[in-house]
Novice: 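Have a look at this one.
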Amino acid sequence: MASGSYEGVLLGMGNPLLDISAVVDEAFLAKYDVKPGNAILAEDKHLPMYDELASKGNVEYIAGGATQNSIRVAQWMLQIPGATSYIGCIGKDKFGEEMKKNAQAAGINAHYYEDENAPTGTCAVCVVGGERSLIANLSAANCYKSEHLKKPENWALVEKAKYIYIAGFFLTVSPDSIQLVAEHAAANNKVFLMNLSAPFICEFFRDAQEKALPYVDYIFGNETEARTFAKVRGWETENVEEIALKISQLPKASGTHKRITVITQGCDPVVVADDGKVKTFPVILLPKEKLVDTNGAGDAFVGGFLSQLVQEKSIDECVRAACYAANVVIQRSGCTYPEKPDFN
């Protein structure tokens, strides 16, 4: 494919959040009732945390949001400006402007819906010993409406894309937007990809997840999410390979593509269930002293995977690129990367 034909090949839709990231201690987590490795939505008790993080000397502001991270990493891996597009909702404020600048600098064609009343969403990233805990205050991100998606200039991004990726987090915001895009993908033989994203999505947004699943050609997740997904459905197993296989065999809306399930397990091998078979792929091991933080590792994994998938590479190559991208990101703060990838 000539680079011109990659224009807008990949579309992401999700919650654009500005990460407010700082290294904290156990006491800070305890104070706000946060567990290491959490990925949760903010409640009232968490709200003072954002200002406290912002007042820390080591605080960093990084454009984030799971889907946007994956799209940024795919764009970085591809090195073809405009190969990716992104849709989500931000506020009309300085964080929103920051977000627009960041997407543009990354080479992403972002069409943000700008909400008049809500501030741009933020995500508190509390890093303790390299482990990240995420507390998302969606604000404007929560205001995305399918009316924006239906506008011709935005729907054009959907029409143009051959691959569409949406993290499970968006199920809490605009399930009807997901449905529109999922049905379009199925009707036009496009590839639709989603992520389990967090245990709370599998537990408390099961109905919305259930409605989208038949359309999903590739589903990503980590071992904790996979086990929660299984538990909620009464599958009597903790075995990740078995669960991945069962997820891939759930009913599909279109028979064009078989569903492929990809489950990461931290430093343990990646599990891929495809056409009734399970394959495992070892990850690139990193000495503990090189780990900066795990924030964005899963997002980067998906981004690396997508960068090869849109080039129609084999699953093995997709996973190799996924592991490469995740390995780069965990050696840096947040979901960031060097100027050029070193992947061949």
Side-chain angles (χ1 to χ4, degrees), residues 10-21 38-43 46-47 50 61-75 84-93 95-100 102-103 106 108-115 117-125 132-149 154 157-158 164-182 193-202 204-205 208-209 212 220-221 225 295-296 298-300 302-303 306 334-335:
L10 172 62
L11 169 65
M13 190 159 68
N15 301 335
L17 304 173
L18 192 75
D19 283 357
I20 304 174
S21 177
N38 259 163
I40 57 176
L41 294 177
E43 297 168 43
H46 298 119
L47 297 179
Y50 295 86
Y61 294 89
I62 306 159
T67 305
Q68 188 164 241
N69 282 343
S70 296
I71 296 298
R72 269 178 38 232
V73 169
Q75 179 61 50
T84 63
S85 316
Y86 177 77
I87 291 174
C89 184
I90 57 177
K92 290 201 158 168
D93 52 19
F95 284 172
E97 286 307 310
E98 204 52 41
M99 198 79 87
K100 288 197 280 198
N102 192 284
I108 298 165
N109 179 17
H111 285 208
Y112 294 113
Y113 168 54
E114 293 179 51
D115 190 86
N117 308 311
T120 296
T122 49
C123 184
V125 181
R132 60 89 183 122
S133 298
L134 308 174
I135 306 90
N137 185 8
L138 297 181
S139 300
N142 203 27
C143 302
Y144 191 79
K145 306 277 183 290
S146 57
E147 286 73 57
H148 176 261
L149 180 63
N154 301 320
L157 299 182
V158 179
I164 300 167
Y165 173 67
I166 304 177
F169 292 121
F170 202 57
L171 287 164
T172 77
V173 173
S174 187
D176 52 335
S177 296
I178 296 179
Q179 211 57 26
L180 283 172
V181 166
L193 312 94
M194 281 196 81
N195 203 310
L196 298 177
S197 289
F200 85 85
I201 298 287
C202 302
F204 306 115
F205 292 88
Q209 194 183 50
F220 297 91
E225 293 150 9
N295 181 25
D299 304 336
V302 173
L306 289 168
C335 194

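Just so it is clear, the values below take in all heavy atoms, side chains as well, and ignore hydrogens, waters and symmetry mates. Owing to the predicted nature of the structure, the values given are computational and were not obtained by experimental measurement.
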Novice: Who passes side-chain contact (heavy atoms from CB on, under 4.5 Å) against L41, sequence neighbours left out?
Specialist: A136, L138, F200
Novice: Looking at every heavy atom in both A118 and C143, which two are closest together, and how far apart are they?
Specialist: CB-SG, 4.1 Å
Novice: Would you give the length of the straight line joining atom CG of N195 to atom CG of L171, rounded to the nearest 0.5 angstrom?
Specialist: 10.5 Å
Novice: Just jot down the side-chain hydrogen bond (donor to acceptor under 3.5 Å, both in side chains) partners of N142, sequence neighbours excluded, or say none.
Specialist: none
Novice: Go through the structure and list residues passing side-chain hydrogen bond (donor to acceptor under 3.5 Å, both in side chains) with D93, not counting sequence neighbours.
Specialist: T120
Novice: Can you name the nearest heavy-atom pair linking A300 to V73, along with the distance?
Specialist: O-CG1, 3.7 Å
Novice: Would you say the side chain of V158 lies within less than 4.5 Å of the side chain of I164, judging by non-hydrogen atoms?
Specialist: yes
Novice: Output all residues satisfying side-chain contact (heavy atoms from CB on, under 4.5 Å) with T67, sequence neighbours left out; order by chain, then residue number.
Specialist: I71, Y86, Y165, A167
Novice: Nearest 0.5 Å, what's the CG-NE2 distance between N154 and H148?
Specialist: 4.0 Å
Novice: With sequence neighbours left out, write down each residue that passes side-chain contact (heavy atoms from CB on, under 4.5 Å) with K100, or none if nothing qualifies.
Specialist: I90, E97, Y112, E114
Novice: Would you compute the distance between atom CZ of F204 and atom CD of Q209 and round it to the nearest 0.5 angstrom?
Specialist: 12.5 Å
Novice: Walk me through whether L193 and V302 qualify under side-chain contact (heavy atoms from CB on, under 4.5 Å).
Specialist: CA-CA 10 Å; L193 312 94; V302 173; over 6 Å; no
Novice: Test side-chain hydrogen bond (donor to acceptor under 3.5 Å, both in side chains) on D176 and S174; report intermediate values, then the result.
Specialist: CA-CA 5 Å; D176 52 335; S174 187; 3.0 Å; yes
Novice: Sub-3.5 Å donor-acceptor pair from the side chain of S197 to the main-chain atoms of G168, do we have one?
Specialist: yes
Novice: Taking side-chain contact (heavy atoms from CB on, under 4.5 Å) as the test, write out the residues that go with D299, two or more places apart.
Specialist: A66, N69, S70
Novice: Does L134 reach the side chain of I40, with side-chain heavy atoms less than 4.5 Å apart?
Specialist: no
Novice: Which distance, rounded to the nearest 0.5 Å, do you find between the CG of L10 and the OG of S85?
Specialist: 7.5 Å
Novice: Quick check: closest heavy atoms across M194 and A212, and the distance to 0.1 Å?
Specialist: SD-CB, 3.9 Å
Novice: Looking at every heavy atom in both C123 and L17, which two are closest together, and how far apart are they?
Specialist: CB-CD1, 4.0 Å
Novice: Is there a side-chain contact between N38 and R132 in this structure, where contact means two heavy atoms from C-beta onward sitting under 4.5 Å apart?
Specialist: no
Novice: Tell me the closest heavy-atom pair linking P16 and G14, and the distance in Å.
Specialist: CD-O, 3.2 Å
Novice: Check the pair L157, H111 against side-chain contact (heavy atoms from CB on, under 4.5 Å), reporting the backbone distance first and the verdict last.
Specialist: CA-CA 9 Å; L157 299 182; H111 285 208; 3.6 Å; yes
Novice: If we only count heavy atoms from C-beta on, is the V173 to N15 side-chain gap below 4.5 Å?
Specialist: yes
Novice: Could you work out, with ring-ring contact (aromatic ring centres under 6.0 Å, His included) as the rule, every residue matching F170, not counting sequence neighbours?
Specialist: Y144
Novice: Counting only N and O atoms by type, is there a donor-acceptor contact under 3.5 Å from the side chain of Q68 to the main-chain atoms of G64?
Specialist: yes
Novice: What distance do L196 atom CG and C202 atom SG have between them, rounded to the nearest 0.5 Å?
Specialist: 4.5 Å
Novice: Kindly indicate whether the side chain of I135, heavy atoms from C-beta on, has any atom under 4.5 Å from the side chain of E43.
Specialist: no
Novice: Within this structure, what is the CG-OH distance for the pair N137 and Y50, rounded to the nearest 0.5 Å?
Specialist: 4.5 Å
Novice: Tell me whether the count of non-hydrogen atoms from other residues, nucleotides or ligands lying under 6.0 Å of CD in E98 goes above 12.
Specialist: no
Novice: Test of understanding: with side-chain hydrogen bond (donor to acceptor under 3.5 Å, both in side chains), list the residues that count as partners of H46, not counting sequence neighbours.
Specialist: none
Novice: Can you list everything that forms a side-chain hydrogen bond (donor to acceptor under 3.5 Å, both in side chains) with T172? Sequence neighbours excluded, please.
Specialist: none
Novice: Could you tell me whether the side chain of D19 and the main chain of S21 form a donor-acceptor pair under 3.5 Å?
Specialist: no
Novice: Given 3.5 Å as the limit, does a donor-acceptor pair link the side chain of R72 with the main chain of A63, or not?
Specialist: yes
Novice: Pair V125, I20 - check side-chain contact (heavy atoms from CB on, under 4.5 Å), show working.
Specialist: CA-CA 6 Å; V125 181; I20 304 174; over 6 Å; no
Novice: Output all residues satisfying ring-ring contact (aromatic ring centres under 6.0 Å, His included) with Y61, sequence neighbours left out; order by chain, then residue number.
Specialist: F95
